[in-house]
Protein chains: 2
Amino acid sequence: MTARYMGIAEELRDAIMRGEYPVGAQLPSEAELATRFAASRGTVRQAVAVLATEGLVGSRQGARRIVLGRERSQSFAELHSFAQWARAMGYRVSGQVLQQRRRGAGATEAVRLALQPGEPVLSVLRLRSLEGEPVMLERTVYAGWIAPAVERIEPGCESVTQALYESVGLVFAYGEHLIDAVAAGVQDSKLLAVRRGSPLLRQRRVTTTHEGRPVEWSDDRYRAGSVTFSIRNSVDANPLVRQMGDLRPAP
Amino acid sequence: MTARYMGIAEELRDAIMRGEYPVGAQLPSEAELATRFAASRGTVRQAVAVLATEGLVGSRQGARRIVLGRERSQSFAELHSFAQWARAMGYRVSGQVLQQRRRGAGATEAVRLALQPGEPVLSVLRLRSLEGEPVMLERTVYAGWIAPAVERIEPGCESVTQALYESVGLVFAYGEHLIDAVAAGVQDSKLLAVRRGSPLLRQRRVTTTHEGRPVEWSDDRYRAGSVTFSIRNSVDANPLVRQMGDLRPAP
DNA sequence: TAGTGGTCTAGACCACATC
DNA sequence: ATGTGGTCTAGACCACTAC
């Protein structure tokens, strides 16, 4: 059973997508929506809060809500998983494991994965492609407790996220992402077919379970021009953070 | 008067920062917090919702909330304004206008700023420095209606955002940001003192008023290694979006 | 001044986690 | 079986916007 407010949010989102409420237009008042959907004002507020965090509408005390945009944010799965994102966008995606080996956790990795230095981890190098073109190089370190399940995945598997869910029921629930630009190194340039020193978009991330237990720590590098990250924010909700770049050593 | 739930959120946030609830630990139940703060459960839920969108705590039905991290997200102002961000981080910041001229809006700019092509805009090139080192090159296009106020700002002004607020009461309320990596061009490399073709982190953004009226469209390029963008997300809340890079022409 | 969103309450029922 | 967070209601008052 899906929640009432989700249904209301969906109806309003559809209306916005259809252009019934064009960008810049006002939404009906909460009271009006409550009547229309035969729900309490609280439920209606939950619904519009969903749209607000999606960046579709904005609001301020005393004035009607306004429509800010029509594109919808992607789901967490689509952000976390390259394959799920690419599929949702309608691209043909493939992946290939190039290296895979167990070793002891380094100092940085241990901190990221909440392990003791030297505890076993699984290091994997994967090349991801869109429409047959190599687009992203992924260097992932998995915590030891999930390593067996990762090793059972076939090397050409498209979606590791999905494989881990299906094999051991693992759900990625929270992520932290660090985004910056780096120059392509020797290995990067060879595998991504770009010149050495050319710009790459780097996304480093830690992903954890529902319980807050870190599962993986990854360094993903995208060929310049292949992908863009997009964020909507407001005075009220601000997910994005800018940091000085000298905070952590290269992995 | 600040809201009750904000105060509760602050107390809980402080407790997390102090390590009273370390990363991975559980928060008290809503009922317990309601008693402790002499507030209703709804108000307590508003408070923990704040912490959840800040990425500090996570939650799932049936289980206690857990602490995910200790770093707090920055404010919208700190994301939008280079100067306000740098100051909040404790850096000495400076800026210099290198070029400034009025012209007609190009096709892309017109779309971004919700103008007709050819309508007047103000184009400004600024170099931003941290601790005296050039770090970011900012190419901003302002909508014509705000141009006079921008032109009155002195060329060495640190914070344009603050200047516009103080002079005409302009408030930046919503932003959309596109983040990717590009190679330094001729002008980039000269002004940022890097080699041609070296990697830059690019942030393009549109900022609008409370009413949803676009104010500026900007292309900011950071020297690699100088800044990192950081995002926390979860299955529930997902502000970040990844897109194919071939969507829009270079400005 | 009237309308609107922001805040807060007190209570209820349900779905899920934990033991 | 018990506790927990997720959802929903009905009402109230306030701060702010728009006119």
B:Arg205: partners by salt bridge (charged side-chain N to carboxylate O under 4.0 Å, His left out), with sequence neighbours left out =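 Partners of B:Arg205 under the salt bridge (charged side-chain N to carboxylate O under 4.0 Å, His left out) test: B:Glu216, B:Asp220.
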For [Y], is there an ion pair with [X] - N to carboxylate O distance below 4.0 angstrom?
X: A:Glu211; Y: A:Arg213; answer: no
X: B:Arg112; Y: B:Glu176; answer: no
X: A:Arg64; Y: A:Glu32; answer: yes

Give a yes-or-no answer on whether the side chains of A:Gln162 and A:Arg87 include a donor-acceptor pair shorter than 3.5 Å.
->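 A:Arg87 and A:Gln162 do have a side-chain donor-acceptor pair below 3.5 Å.
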Side-chain N or O of A:Arg65 less than 4.0 angstrom from OP1 or OP2 on C:dG6?
->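 Looking at the OP1 and OP2 atoms of C:dG6, one of them is under 4.0 Å from a side-chain N or O of A:Arg65.
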Classify the angle between the aromatic ring planes of A:Tyr91 and A:Trp85 as parallel (below 30°), tilted (30 to 60°) or perpendicular (above 60°).
->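 Answer is tilted, since the angle falls between 30° and 60°.
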Where the side chain of A:Ala3 is concerned, which of D:dC8, D:dC16, C:dT4 is the nearest nucleotide?
->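 From the listed options, D:dC8 comes nearest.
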From the options C:dA17, C:dT7, C:dT4, select the nucleotide whose nearest atom is closest to the side chain of A:Arg64.
->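 Closest of the options to the side chain of A:Arg64: C:dT4.
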From [atom1] of [X] over to [atom2] of [N], roughly how many Å is that when rounded to an integer?
X: B:Arg60; N: C:dC16; atom1: CZ; atom2: P; result: 12 Å
X: B:His210; N: C:dG6; atom1: NE2; atom2: C1'; result: 14 Å
X: A:Arg4; N: C:dC14; atom1: CZ; atom2: P; result: 17 Å

Toward the 5' end of DNA chain D, which comes first, B:Gln61 or B:Glu211, by nearest nucleotide?
->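 Its nearest nucleotide lies further toward 5', so the answer is B:Gln61.
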Kindly state which residues belonging to residues 30-51 of chain B come within less than 4.0 angstrom of DNA chain D, counting heavy atoms of the residue only, listed by number.
->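 The stretch gives B:Glu30, B:Arg41, B:Arg45 as the residues lying under 4.0 Å from the strand, ordered by number.
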